[in-house]
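Scroll down for the structure; my scribbles are underneath it.
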Amino acid sequence: MPGTKTLTLAHSPDADDLVMWWPLTGQRHPDAGRFSEPQLDTRGLSFDLTARDVEELNKLAVTGDSAYDITAISAAAYPAIADRYAITRAGSSFGEHYGPKLVVRKDAAIDTMEDLDGDLIAIPGRNTTAYLTLRLARPGVRVVEMLFSEIPGAVARGDVDAGLLIHEAQLTLAEHGLRAVADMGQWWGTQTGMPLPLGLNVVRRDLPDVDALCDLLAESVAIAARERAASKAFLKRNNAGKPEWDDDALLDRYLDMYVSPMTVDMGERGRTALGELYRRAHAAGLIGAVPALDVR
């Protein structure tokens, strides 16, 4: 299309991130009917979508090596990139008294976080909010980084004493012979009374018309949330071998958790929770400074 500018947009491969952006590009499948085409006026923009592990995206953004105009990150990574990126008001994930699960084998003699002192915990990345929250709850934990999808198996085999689960693995832990000893979103809620900020979407500050771009992204998220049936059909066609996405009840449960009204617009409640996360992390010596919150 003449005059079209292409922006690169990176998201994680989990269900809530994947469904946010199909309205920008259309589902591009004959079975999608009217949803196969873009669902909004993209105002001369096209979007090149890429799915990558969120910790990989965190590291690219933090080191300055990210080639993406718009990228998903963990909320914990934002202080390191606040000078280069603004936060979009739409597309964030918040754990509203639920969140990453700290799990052990069903037969483990471990019942609480306190029982894990000195044990080895698999984490999905040092830049993730899951890990930051764990450090707030239990300073000095001993950890090893793994791809999030490898953690359930590592715990089940006994390679590690416990694991921190994110994404859909939070809902399928029993199938791996695991049980939860703590929910980091619940822990955060008891400490603060607030939802736990987990994932954000950010845009490069040097892009033209950042506010208009954030409005466009917000429109895409709103459509994806409103058109639930179309979003579920999109996930099922793009399930990347994830059998849980073929389970309607499980998929609905996950989308209810992480494509919520706060995903459509985090609002003042989300901004307040972000500020509290960064204040507590700074007070604990886990980040260098509390970043200014530029949410658009």
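Computed over heavy atoms, backbone and side chain alike; hydrogens, waters and symmetry mates excluded.
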(request) Check whether any side-chain heavy atom of V202 lies under 4.5 Å from a side-chain heavy atom of T71, and answer yes or no. (result) yes
(message) Show the nearest heavy-atom pair for residues P124 and E55, with the distance to one decimal.
(response) O-CB, 3.4 Å
(message) Quick check: closest heavy atoms across I110 and L116, and the distance to 0.1 Å?
(response) CD1-CD2, 3.7 Å
(request) Please examine the side chains of V295 and C214, heavy atoms only from C-beta on, and report whether any two atoms are closer than 4.5 Å. (result) no
(request) Write down the atom of M266, the atom of S92, and the distance for their closest heavy-atom approach. (result) CE-OG, 3.2 Å
(request) Flag the pair R105 and D107 as a salt bridge only when some basic side-chain nitrogen lies within less than 4.0 angstrom of an acidic carboxylate oxygen. (result) yes
(request) State whether R271 and E276 are salt-bridged, where the test is any N-O pair (Lys NZ or Arg NE/NH1/NH2 against Asp/Glu carboxylate O) under 4.0 Å. (result) no
(message) On a heavy-atom basis, which atom in L57 and which in A72 lie closest, and how many Å separate them?
(response) CB-O, 3.5 Å
(request) With R280 as the cation and W188 as the aromatic partner, state whether NZ or CZ is under 6.0 Å from the six-membered ring centre and within 45° of the axis. (result) yes
(request) Test R179 against D111 for salt bridge (charged side-chain N to carboxylate O under 4.0 Å, His left out), laying out the working first. (result) CA-CA 9 Å; R179 59 180 171 83; D111 295 312; 3.7 Å; yes
(request) Could you tell me whether a side-chain N or O of D17 sits under 3.5 Å from a main-chain N or O of H11, the two making a donor and an acceptor? (result) no
(message) Has E145 got a side-chain atom pairing as donor or acceptor with A122's backbone, closer than 3.5 angstrom?
(response) no
(request) State whether D31 and K236 are salt-bridged, where the test is any N-O pair (Lys NZ or Arg NE/NH1/NH2 against Asp/Glu carboxylate O) under 4.0 Å. (result) no
(request) For a side chain to side chain contact (heavy atoms under 4.5 Å, CB included) with Q39, tell me which candidate from E227, R34, R226 qualifies. (result) R34
(request) Quick one: sort the F234 and W22 rings into parallel, tilted or perpendicular, breaks at 30° and 60°. (result) tilted
(request) Rounded to the nearest 0.5 Å, what's the gap from CG on L165 to CG on L102? Could you check? (result) 8.5 Å
(request) Decide yes or no for V203 and L7: does some side-chain heavy atom of the first lie under 4.5 Å from some side-chain heavy atom of the second? (result) no
(request) Test Y78 against every option in N58, L277, D294 by the side chain to side chain contact (heavy atoms under 4.5 Å, CB included) rule and name the one that passes. (result) D294
(message) Once rounded to the nearest 0.5 Å, what's the spacing between atom CG of N238 and atom CZ of R28?
(response) 11.0 Å
(request) Take T8 and F47 through the side-chain contact (heavy atoms from CB on, under 4.5 Å) test and state the conclusion after the steps. (result) CA-CA 6 Å; T8 52; F47 294 86; over 6 Å; no
(request) May I have the step-by-step check of salt bridge (charged side-chain N to carboxylate O under 4.0 Å, His left out) for D256 and R228, ending in yes or no? (result) CA-CA 10 Å; D256 284 344; R228 170 67 75 94; 2.8 Å; yes
(request) For D183 and Q186, indicate whether the former's side chain and the latter's backbone hold a donor-acceptor pair under 3.5 Å. (result) yes
(request) Starting at OG1 of T128, measure out to CG of L198 and round the result to the nearest 0.5 Å. (result) 9.5 Å
(message) Using modelled atom types and a 3.5 Å cut-off, is there a donor and acceptor pairing between side-chain atoms of S36 and backbone atoms of A32?
(response) no
(message) With a 4.5 Å cut-off on side-chain heavy atoms, are I121 and V160 touching?
(response) no
(message) As an exercise, state the distance from CZ of R138 to CE of M184, rounded to the nearest 0.5 Å.
(response) 10.0 Å
(request) Answer with yes or no whether the hydrophobic clustering places L60 together with V62; edges join I, L, V, M, F, W, Y residues whose side-chain heavy atoms lie under 4.5 Å apart. (result) no
(message) Side chains of M262 and E96, heavy atoms from C-beta outward: is any pair under 4.5 Å?
(response) yes
(request) Considering only NZ, NE, NH1 and NH2 on the basic side and carboxylate oxygens on the acidic side, decide whether E150 and R157 come within less than 4.0 Å. (result) no
(request) Please check if any side-chain donor atom of R204 sits under 3.5 Å from a side-chain acceptor atom of Y68, or the reverse. (result) no
(message) Check this for me, if you would: do K232 and D252 make a salt bridge, where the nitrogen-to-carboxylate-oxygen distance has to be below 4.0 angstrom?
(response) yes
(request) Please report the C-alpha distance between D206 and Y85 in whole Å, then the side-chain angles of each, then the deciding distance to 0.1 Å, and finally whether the side-chain contact (heavy atoms from CB on, under 4.5 Å) criterion is met. (result) CA-CA 8 Å; D206 59 356; Y85 291 88; over 6 Å; no
(message) Evaluate D48 against T6 for side chain to side chain donor-acceptor pair (under 3.5 Å), listing each step before the verdict.
(response) CA-CA 7 Å; D48 182 11; T6 299; over 6 Å; no
(message) Rounded at 0.5 Å granularity, tell me how far CH2 in W21 sits from CD1 in I70.
(response) 7.0 Å
(request) Give the C-alpha distance, both sets of side-chain angles, the deciding distance and a yes or no for side-chain contact (heavy atoms from CB on, under 4.5 Å) between T50 and L9. (result) CA-CA 6 Å; T50 301; L9 190 160; over 6 Å; no
(request) Heavy atoms only: give me the nearest G125-Y131 pair and the separation to one decimal. (result) O-CB, 3.4 Å
(message) A side-chain contact here means heavy atoms from C-beta on lying under 4.5 Å apart; do I73 and N127 qualify?
(response) no
(message) Checking the side chain of T263 only, and the main-chain atoms of S93 only, is there a donor and an acceptor separated by less than 3.5 Å?
(response) no
(message) Using side-chain heavy atoms (C-beta onward) and a distance below 4.5 Å, is H282 in contact with Y278?
(response) no
(request) Scan P38, S220, S231 and name whichever one has a side chain to side chain contact (heavy atoms under 4.5 Å, CB included) with P23. (result) S220
(request) Begin from the C-alpha positions of D83 and R205 and carry the test side-chain contact (heavy atoms from CB on, under 4.5 Å) through to its verdict. (result) CA-CA 8 Å; D83 60 328; R205 293 183 181 279; 5.7 Å; no
(message) On a heavy-atom basis, which atom in V104 and which in A162 lie closest, and how many Å separate them?
(response) CG1-CB, 3.8 Å
(message) Rounded at 0.5 Å granularity, tell me how far CG in L49 sits from CG in L18.
(response) 8.5 Å
(request) In sequence, state the C-alpha distance, the side-chain angles, and the governing distance for S74 and T129, and then conclude on side chain to side chain donor-acceptor pair (under 3.5 Å). (result) CA-CA 6 Å; S74 297; T129 316; 4.6 Å; no
(message) Any heavy-atom pair between the side chains of R269 and L274 that's under 4.5 Å?
(response) no
